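Counting starts at 1 for both ligands and their atoms, in listed order. None of the values given here were measured: they were computed from a predicted structure.
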Amino acid sequence: MRAARLHGPDDVRVEDVPEPVGEVVVTVRAATTCGTDLKMLRHGHPTLAAYPAPFGHETAGERIDTGERVLVGDSVPCGTCPPCRAGRTHLCRAMTWVYGGFAERIAAPAAALHSIPGALPFSAAAMAEPLAACVHAVGRGTSERAVAVLGGGTIGLMLARLLVLDGRDVAVIDRHPERRAQADDLGARGVDALEPGAVALVFEAVGRPEAWHAALLLVAPGGRVVMVGGCPGGDVALPAVRIHYDEVDVVGAFHHRPAEIDEALLLLSTGAVDHAAFAGPTVGLDDLAAALVDPPFGAEARKLVVDPTR
Ligand SMILES: [Zn+2]
Ligand SMILES: [Zn+2]
């Protein structure tokens, strides 16, 4: 079958590979892209297999054995390590990562599969993976009414939409007017800056050291910052004075639990989160690498939809 695989930094090749082998094989109907895919393409990633590595982790399709429409979750927790036993399966110490959505077929453990509700399109169902991470991140916040989301990429905008649905007053901070307009369309408020101290809950959704730093300068004394964007590499210098003298809580938000994927699928199928707000053009495997590096939708925050039959 045909698959796009990573052979090294900035080296993706579409090639004929052996049929995938696993508990269940799924015919891929749609796989969406995100910032993590670009990170993986550019720099590799701690969760990637050895090169040549399959990639694509937002995947929906049909089981070959039963025809059932499924979202292929990108991870299966072990169930027995200390975090798993404590119910924090997203922190599993022996996670099985399920990558390879940018291919005609993908093999997965049955435990990775989630039934797609109703007539939700495959390209929309694939977005349940990142949306589940946002559901998880909102749970790491507080109940503050006024909230800021730093970064209006697809994760920032999904977060904003979830917070709007929860009745919050949400400002999305982004330097791109296109993304601020998208935030407005989702019921949030796109702004290019916010007065420091204006909100007591900030979600960082950029994933760069400067943004982690800026989030800590922005939040009100006694407030909380949720770091949703992963920073590549090692340490980040943060303004310790905010954490100590102003008692700002800094918490991380990573990944999701299986139940949060089902919640995300439901939000997408009811239209509470409109997948069209995040969908970009459909591309085939051969056009994927170029479209990841130079997205055809400019500065807008959107996802490519990969159709491996193209
Ligand atoms: Zn993703
Ligand atoms: Zn575990």
If we count only N and O atoms by modelled type, under 3.5 Å, do the side chains of [X] and [Y] hold a donor and an acceptor together?
X      : Y      : value
Glu15  : His7   : yes
His255 : Ser75  : yes
Asp192 : His176 : no

(request) Anything protein N/O/S under 2.8 Å from the Zn ion (ligand 1)? Just list residue and atom, please. (result) Cys34 SG, His57 NE2, Glu58 OE2
Heavy atoms, side chains only, cut-off 4.5 Å: are [X] and [Y] in contact?
X      : Y      : value
Arg105 : Glu19  : yes
His213 : Glu210 : no
Cys84  : Arg93  : no

(message) Between Glu104 and Thr27, is the side-chain hydrogen bond (donor to acceptor under 3.5 Å, both in side chains) condition met? List the steps.
(response) CA-CA 6 Å; Glu104 288 181 289; Thr27 303; over 6 Å; no
(message) Counting only heavy atoms not in Glu247 (residues, nucleotides, ligands), do more than 12 fall under 6.0 Å from its CD?
(response) no
(message) For Arg13, is the CZ atom crowded, meaning more than 12 foreign heavy atoms sit under 6.0 Å from it?
(response) yes
(message) Inside 2.8 Å of the Zn ion (ligand 2) but strictly below it, how many protein N/O/S atoms are present?
(response) 4
